[in-house]
Novice: 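The structure under discussion is supplied below as structure tokens; questions concerning it will follow.
As the structure is a prediction and not an experimental result, all values here were calculated from the model.
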Amino acid sequence: MKKATFLVTVFILGLIFAGGVFAEDKKDRLIVTSDKQSIDYTQRLLVYEGNAKVVWREYTVEAEKVQVFLTKGDTLEKIIAEGEVKISQGEKMQGFCQKVTYLVGEGILVFEGDVVYQDERENKLQAQKVTVWIKEKKLQAEGSPVTATYILGGEEENVTGGE
């Protein structure tokens, strides 16, 4: 009898865990704080003004105004942040500019206006416009002048034996 009860308990627990009752929630979270918020449900547009801070996945965006555009399926389509923008992607990247547009589906970030961009290697780029293709791992900088500072690896020493 104890063996049967044990097997039934194990079976029920297996169904619960396999069914995802305790599984992690797979929905994306968009966490926003600001002085003022407005939502246009018909346009699928969320607008945050005054000390706006948006956290989505590994991205954090701070600006005076942030507009969030949603798809019909309530997923993130695009973010436009304006006014003293600070954006970071964990340790991978940080940028400062006057306007940033993030096209989620295309994986493109466009920084505009007095851009300072820095990657995880501490390479630094200053320009008027920087476009980053996240999926392709490439970028383009525009403006006059574009200034770049690259952190290069040290020279490898050629060590030979027998001395």
Novice: Taking all non-hydrogen atoms of both residues, which atom of W56 and which atom of R29 are closest, and how far apart?
Specialist: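 Scanning both residues, the minimum pair turns out to be CD1-O, 3.5 Å.
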Novice: Tell me whether the count of non-hydrogen atoms from other residues, nucleotides or ligands lying under 6.0 Å of CD in E136 goes above 12.
Specialist: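 It does: E136 CD has more than 12 such atoms within range.
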Novice: So which pairs with a foot in residues 109-119 pass side chain to side chain donor-acceptor pair (under 3.5 Å), sequence neighbours left out?
Specialist: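 Non-adjacent pairs meeting side chain to side chain donor-acceptor pair (under 3.5 Å): D114-Q128, D119-N123.
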Novice: Would you say L30 and V54 make side-chain contact, with heavy atoms under 4.5 Å?
Specialist: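 Side chain of L30 against side chain of V54, heavy atoms only: contact under 4.5 Å found.
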Novice: What is the minimum heavy-atom distance between T60 and K53, and which atoms define it?
Specialist: CG2-CE, 3.8 Å
Novice: Taking salt bridge (charged side-chain N to carboxylate O under 4.0 Å, His left out) as the definition, give me every residue that meets it alongside R57, ordered by chain and number, with sequence neighbours left out.
Specialist: D28
Novice: Supply the atom-to-atom distance E62 CD to T33 OG1, rounded to the nearest 0.5 angstrom.
Specialist: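 Rounded to the nearest 0.5 Å, the CD-OG1 separation comes out at 8.0 Å.
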Novice: Once side chain to side chain contact (heavy atoms under 4.5 Å, CB included) is applied, do any residues pair with Q67, and if so which ones, sequence neighbours excluded?
Specialist: L45, V47, K65, F69, I80, E82
Novice: Could you list the residues that satisfy ring-ring contact (aromatic ring centres under 6.0 Å, His included) with Y59, not counting sequence neighbours?
Specialist: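 Y59: ring-ring contact (aromatic ring centres under 6.0 Å, His included) contacts with Y102.
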Novice: Using every non-hydrogen atom in the two residues, find where S34 and A52 come nearest and quote the distance to one decimal.
Specialist: CB-CA, 3.9 Å
Novice: Quick check: closest heavy atoms across T101 and K99, and the distance to 0.1 Å?
Specialist: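 Heavy atoms of T101 and K99 come nearest at OG1-CE, 3.9 Å.
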Novice: Can you sort out the partners of R44 under side chain to side chain contact (heavy atoms under 4.5 Å, CB included), two or more places apart, ordered by chain and number?
Specialist: L70, K72, D74
Novice: Restricting to side-chain hydrogen bond (donor to acceptor under 3.5 Å, both in side chains), what partner residues turn up for S38, sequence neighbours left out?
Specialist: none
Novice: For V130 and A127, which heavy atoms make the closest approach, and how far apart are they?
Specialist: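 In terms of heavy atoms, the two residues are closest at CG2-CB, 4.0 Å.
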